[in-house]
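Below is one structure, written out as structure tokens; the observations come after it.
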Amino acid sequence: MRLTQSASKTLRTNASESEIASHSLLTRAGFIHQLGAGIYSYLPMALKSLKNIERIIRFEMDAVGAQEILMPHIQPMELWDSTNRTTAFGQNLFTLKDRRSRGLVLAPTHEESVTMIAKSVVQSYKDLPFTLYQIQTKFRDEARPRAGLIRVREFAMKDAYSFSHNEESSNEIYDRMAVAYKNIYNKCEVPILIAEADSGAIGGKDSHEFIYPTEAGEDTVITCSSCSYTANVEKATGIIDKLDDQSNLQIKEIQTPNVTSIQELCNLLAVSPKYTLKTICYKTEDDFVMVAIRGDLNVNEIKLKNVLNCKDLRIATAEEVSQKGLIPGSMSPVGITDISVIADISVMTSKVFIAGANKPNSHFKNIDYARDCPMQNIKEISITTAEHKCSKCENKLESVKGIEIGHIFKLGTFFSETLGALFLDETGQQQPIIMGCYGIGIGRLLAAIVESNHDDRGIIFPKSISPYAVNLISLNHNDDACKQASESIYENLLSQGIDCLFDDRPDKSAGVKFQDAELLGIPLQVIISPRNIKTNQAEIKIRKTLETHMTPLVDTVSEIVNQIN
RNA sequence: CGGGGUGUAGCGCAGGGGUAGCGCGCCUGUUUUGGGAACAGGAGGUCGUAGGUUCAAAUCCUAUCACCCCGACCA
């Protein structure tokens, strides 16, 4: 492609709206164009890179025996009602109506439609297993799109779905997919953490997220400094050390006027929050629960939801708390017998906690949870932090931020049961198909690639992703010799089947051309200049290292061909 | 949905009741040509939108829309 014929244009300055590297570089380099919040056009360069990503993904999917299909964007709302996911997705679901007022959904994902395919194709265990995948646009009306391609409302995703007749088969496919995913990220030169993830409301057992670690990320991962344990903070577990003072002291009531928070309590008594118990009340769809946790920790509501096995969970209002005869600000499980109480394991780390006395303006000292609290329902429900230690090897945990660029999931039989995708097993029994699903956000992956492969001059594309194999630069296209030599190399490269971006702009100075080439990040540059023409030489530059070397003009094409292959 | 911010030329920004500005980019010409060239000339705007106040509104008031950031949310 000649730059003189290209629609691409680079920007000299950052767009004011870009906060993270991938957003500003992709914008400046002319890869993407924003139409609305979380809605982007992919310009020619971006599309070429995206196609490269897709090529890598298709290769790995095909290698594990998955077959490509394509399912519709637009789907009947009835289908989504039947799995109750109209409600589950809530406002994130884009909906529309057809001319007869029938409800339609812009699909945010494709479990329902792919299950309907399986239903129509599978009768017997002999028809299983198989895996289908597609690369298709998804629509999600995100509450807050952000950070360029990181969180958008319309995005391409590779989603694969496996169908098995037993657990072994399902697990085997899951493991093979995990390997395929690792291969994909390796080829894209994006480092990843593989984190255990919460399986969420829709059944299923194992789930793993592929997280690209970066400060710009919106997910938090807890990872062990010494063993391989890595998990999303939503799911991560940890153990917590006992505090030093384990003496057995008598309960004492102390006056704490106007104290209603842990912070105020600690200020008044000059103690660390570690030595306090925090008590929070929650409402579920049909229950009222008191939750106790050490004052320096916070409740992980996902863990709590799993423990309570409930759908809705929210913090109770002060009014609801008072109705139960409790005093907001001075609550504790001490002496409570008529309300469900769940405590985090951290309440066992001391025997001298300070906790609410269930009376206004007063607290207890020296609370030993095991001794003083009648309801001994103790679970691990805190948000795991770097304060915790690894539950596997007891070493230090670290907290890392990152972007989720892939997610694999053992779905189980929720969709097959709900939609009636059944088969007859070896004994003639009807069984629901066991499903798995496996997703990668394509645009988000491109953003992650740029995040992990750039310097202050611009993008540094991995060979496998670069929109072009080589960037040929005619430093002065008004110089006849330079023009002639570069044109001849360009034609030559094309005839060798090499995809080349040719900076043949006659009106740009050398500096502009160098800067643009570095911004675009094509891994290999060939620079033809009047200066080097005199000695019949071309210059080859590696974008990543900015190293250059000379090569005779006549050998340039063959050297490029060598370097690329 | 709560909090904060921004809308003025393609991009980045200034201006703050009385002729619409700057830098970069863009067009023409001349000179230049290895790290974002110089000179000369030029094009480009209903100041987000709608109402209102005023002799006069980009500027003041009201409403509204859009976008960005933080949070909430996010199988």
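Lettering follows sequence order; numbering is per chain, from 1. Below, each value reflects all heavy atoms present in this structure, side chains not excepted, and no hydrogens, waters or symmetry copies.
- Ion pairing between a basic and an acidic side chain is recognised when a charged N comes within 4.0 Å of a carboxylate O; A:Arg505 and A:Asp503 show such pairing.
- Between A:Asp516 and A:Lys508, none of the side-chain N atoms (NZ, or NE/NH1/NH2) sits under 4.0 Å from a carboxylate O, so this pair counts as no salt bridge.
- Between A:Trp80 and A:Phe89, the ring-plane angle classifies as perpendicular under the 30° and 60° cut-offs.
- For the pair A:Arg151 CZ and B:C68 P, the computed distance is 14 Å after rounding to whole Å.
- Taking the side chain of A:Ile527 as heavy atoms from C-beta on, and the options B:U33, B:G34, B:G35, the nearest nucleotide is B:G34.
- Nucleotides B:G41 and B:G51 place their P atoms 41 Å apart, quoted to the nearest Å.
- Rounded to a whole Å, the CZ atom of A:Phe155 is 15 Å from the P atom of B:C74.
- The CG atom of A:Asn478 sits 12 Å away from the P atom of B:G34 (whole-angstrom rounding).
- Comparing the C1' positions of B:U19 and B:C11 gives an interatomic distance of 26 Å, to the nearest angstrom.
- Annotation: B:C55 and B:U64 have their P atoms spaced 28 Å apart (nearest Å).
- Between A:Arg153 and A:Arg140, the residue whose closest nucleotide on RNA chain B is further toward the 5' end is A:Arg153.
- Atoms CZ (A:Arg146) and P (B:A72) sit 12 Å apart, rounded to a whole Å.
- For the P atoms, the distance from B:U59 to B:A20 is 14 Å, rounded to whole Å.
- Checking B:C22 for Watson-Crick or G-U wobble geometry (two distances, each under 3.5 Å) identifies B:G12 as its partner.
- Side-chain N/O atoms of A:Thr131 and A:Ser162 include no donor and acceptor closer than 3.5 Å.
- Residue A:Ala143 is in base contact, counting any heavy-atom pair closer than 4.0 Å across all strands shown.
- Of the charged side-chain nitrogens involved, none lies within less than 4.0 Å of a carboxylate oxygen, so that A:Lys138 and A:Glu154 do not count as a salt-bridged pair.
- Judged purely by distance below 3.5 Å, without hydrogens or angles, the side chains of A:Asn471 and A:Lys541 never pair a donor atom with an acceptor atom.
- Residue contacts shown for A:Glu539 include a base, since a base heavy atom lies under 4.0 Å away.
- Between A:Arg144 and B:C70 there is a side-chain polar atom (N or O) within less than 4.0 angstrom of OP1 or OP2.
- Taking the C1' atoms as reference points, B:U31 lies 33 Å from B:G45, given to the whole Å.
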*Protein-to-nucleotide contact annotation, 5' to 3' order, nucleotides 36-42 of chain B [B base; S sugar-phosphate only; - none; under 4.0 Å, heavy atom]*: BS-----
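- Below 30°, between 30° and 60°, or above 60°: for A:His23 and A:Tyr40 the angle between ring planes is above 60°, a perpendicular geometry.
- Atom CD1 of A:Ile150 is separated from atom C1' of B:C69 by 15 Å (rounded to the nearest Å).
- Separation of the P atoms belonging to B:A72 and B:G23 is 44 Å when rounded to the nearest angstrom.
- A:Asp456 places its CG atom 14 Å from the C1' atom of B:G35, with the value rounded to the nearest Å.
- Going from atom CZ of A:Arg531 over to atom P of B:G35 covers 8 Å, rounded to whole Å.
- When each of A:Leu35 and A:Thr548 is assigned the nucleotide of RNA chain B with its nearest heavy atom, A:Thr548 is the one assigned upstream, toward the 5' end.
- Using Watson-Crick or G-U wobble geometry with both donor-acceptor distances under 3.5 Å, B:C1 finds its partner in B:G71.
- Relative orientation of the A:Tyr174 and A:Tyr438 rings is tilted, given thresholds of 30° and 60° on the angle between their planes.
- At the phosphate of B:C1, neither OP1 nor OP2 sits under 4.0 Å from any side-chain N or O atom of A:Gln91.
- Look at the P atom in both B:U8 and B:C60: the space between them is 16 Å, to the nearest Å.
- Classification of the A:Phe94-A:Phe139 ring pair by plane angle, with boundaries at 30° and 60°, yields perpendicular.
- Among the heavy atoms of the strands lying under 4.0 Å from A:Glu518 is at least one base atom, whether or not backbone atoms are also near.
- Remark: A:Lys508 is in phosphate contact with B:C26, judged by side-chain N or O atoms under 4.0 Å from OP1 or OP2.
- Across all strands shown, A:Asn532 has heavy atoms under 4.0 Å from base atoms, whether or not it also approaches the sugar-phosphate.
- Within 4.0 Å of A:Ala517, counting heavy atoms only, lies no atom of the nucleic acid at all.
- Atom pair A:Gln34:CD and B:C69:C1' shows a separation of 13 Å (rounding to whole Å applied).
- Shown here, B:C39 forms a base pair with B:G29; the pair counts as Watson-Crick or G-U wobble because both key distances fall under 3.5 Å.
- Distance alone, capped at 3.5 Å, places no donor-acceptor pair between the A:Ser22 side chain and the A:Val450 backbone.
- Between B:G44 and B:C69, the two P atoms lie 35 Å apart (nearest whole Å).
- Pairing partner, B:A66: B:U6, with both Watson-Crick or wobble hydrogen-bond distances short of 3.5 Å.
- The side chain of A:Lys9 lies closest to B:G25 when the candidates are B:G25, B:C70, B:G34.
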